[in-house]
Amino acid sequence: MVAADNLQKTPESSQFDLRAYLKERQKLCEDALDKAIPIRYPEKIYEAMRYSLLAGGKRLRPILCLASCEMMGGTIEIALATACALEMLHTMSLIHDDLPAMDNDDYRRGKLTNHKVYGEDIAILAGDGLLAYAFEYVVTHTQNVPLERVLQVIARLGRATGATGLVGGQVLDLESEGKTDISLETLNFIHNHKTAALLEACVVCGGILAGASSEDVQRLSRYSQNIGLAFQIIDDILDITATGEQLGKTAGKDQKAQKVTYPSLWGLQESKQKAQHLISDACAELEPFGEKALPLKELAHFITNRKH
Ligand code: GRG
């Protein structure tokens, strides 16, 4: 999952073994997700939900949630249910995004897409099942956290996934298809909602569960909005520069669809520079947390250095 050539040296990397950290955290998340959805009757829907949920992926969202909780003085144990729920929400958005009515993709995470294996009807329901279960899972599996914080987390998850988040971003993205005069403002709106909103929920919810102050929650929010946009810029760059094998999905789709992307507005070099700037700004937000911020800072650098 984390190829050795994906990890480049950063100023902090001598103090922090990101490769070992990601390997350990990915395994922790995989095991927790595997346990979270056992197969029950009717088996088909659970199999379809598990097919995409356990199909690999970087697990960046749950890892960010756990790292943020720990930075703010909390434990893995109190954030694990929310971390799993965030990956369920992310996975459901990928299943629906790949549907013929949306992006119509055949491959995701190196495997056939959900609808290619189970059919469109079951893929829609698998996404719906994951969406509903994510909220149930936070409520039934979060332990040793005051209920007030759990309620705040649920509100954040709803806000990040609904029309104020992923759904809203996707609508504007669909409406922009085939248009070549999309402004930077519209492009930013799409990606602040489609990509950054869920990443923000990951980092902020981790902080809320640990009892972060509202000032610190705002810092976490600014950090994650910056990494969210940088993440999308890199995603657009990789669509041009990486192969389908590296990405685990069809490459070059944006150019083929003549989609307006960051590299189409700024070019590859400037896009890379802007992403790096955003990552520096994100890391600056974490200065007050000192050494405890190392994992979140290194994860931010991983976002710009990744090759898939
Ligand atoms: C949320 C109710 C609800 C519906 C879904 C389809 C849709 C609405 C939104 C689309 C959201 C979407 C697909 C955004 C793109 C985000 C993105 C850059 C995904 C790739 O993330 P990675 O690289 O993937 O972290 P892995 O596979 O590593 O997890």
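Atoms within a ligand are numbered from 1 in the order they appear, just like the ligands themselves.
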Q: Below 3.5 Å, can you tabulate the donor-acceptor pairs from side chains in residues 156-171 to any protein atom, sequence neighbours excluded?
A:
from: T161; atom 1: OG1; to: L157; atom 2: O; distance (Å): 2.7
from: T161; atom 1: OG1; to: G158; atom 2: O; distance (Å): 3.4
from: T164; atom 1: OG1; to: R159; atom 2: O; distance (Å): 2.7
from: Q170; atom 1: OE1; to: K194; atom 2: NZ; distance (Å): 3.3
from: Q170; atom 1: NE2; to: D97; atom 2: OD1; distance (Å): 2.9

Q: Show which atoms of ligand 1 fall inside a sub-4.0 Å distance from at least one heavy-atom site of R109.
A: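 Every atom of ligand 1 under 4.0 Å from some heavy atom of R109: 26 (P), 27 (O), 29 (O).
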
Q: Give the residue and atom name of whichever protein heavy atom lies nearest to atom 2 (C) of ligand 1, and the separation in Å to one decimal.
A: V167 CG2, 3.7 Å

Q: Taking the six-membered ring of F302 as reference, does the cationic atom of R19 (NZ for Lys, CZ for Arg) lie under 6.0 Å from its centre and within 45° of its axis?
A: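 Not satisfied by the 6.0 Å and 45° rule.
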
Q: Write out the residue and atom name of the closest protein heavy atom to atom 22 (P) of ligand 1, then the distance separating them to 0.1 Å.
A: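 In this structure, atom 22 (P) of ligand 1 has K58 NZ, 3.4 Å as its nearest protein heavy atom.
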
Q: Under the rule for salt bridge (Lys or Arg N to Asp or Glu O under 4.0 Å), what residues qualify as partners of D98, not counting sequence neighbours?
A: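 In terms of salt bridge (Lys or Arg N to Asp or Glu O under 4.0 Å), with neighbours along the sequence ignored, D98 is linked to R108.
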
Q: How far is atom 18 (C) of ligand 1 from the closest protein heavy atom, and which atom is that?
A: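 Looking at atom 18 (C) of ligand 1, the protein heavy atom closest to it is F231 CE2, 3.4 Å.
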
Q: How close does the nearest protein non-hydrogen atom get to atom 3 (C) of ligand 1, and which residue and atom is it?
A: M92 SD, 3.5 Å

Q: Can you pull out the closest protein heavy atom to atom 21 (O) of ligand 1? Residue, atom name and distance to 0.1 Å, please.
A: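 Looking at atom 21 (O) of ligand 1, the protein heavy atom closest to it is R61 NH2, 3.2 Å.
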
Q: Strictly below 4.0 Å, N to O, side chains only: are R61 and E87 in salt-bridge contact?
A: no

Q: Ignoring hydrogens, just give me the one of S52, P62, S93 whose non-hydrogen atom is nearest atom 6 (C) of ligand 1.
A: S93

Q: Do the two ring centres, one from Y262 and one from H191, sit under 6.0 Å apart?
A: yes

Q: Identify the protein heavy atom lying closest to atom 24 (O) of ligand 1, giving its residue, its atom name and the separation to 0.1 Å.
A: H90 NE2, 3.6 Å

Q: Answer whether the closest heavy-atom distance between the side chains of K58 and H308 falls below 4.5 Å.
A: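 Result yes, sub-4.5 Å side-chain heavy-atom pair found.
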
Q: For atom 16 (C) of ligand 1, which protein heavy atom lies nearest, and how many Å away is it?
A: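 That would be T195 OG1, 3.8 Å.
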
Q: Under 3.5 Å, is there a donor-acceptor pair linking the side chains of T261 and D254?
A: no

Q: Are any of the heavy atoms in L60 under 4.0 Å away from ligand 1?
A: no

Q: In the protein, which heavy atom is nearest to atom 10 (C) of ligand 1, and how far is it?
A: Q170 OE1, 3.3 Å

Q: Which of the numbered atoms in ligand 1 are under 4.0 angstrom from any heavy atom belonging to G57?
A: 26 (P), 27 (O), 28 (O)

Q: Taking the inter-plane angle between the rings of Y137 and Y133 on a 0 to 90° scale, is it parallel (under 30°), tilted (30 to 60°) or perpendicular (over 60°)?
A: tilted

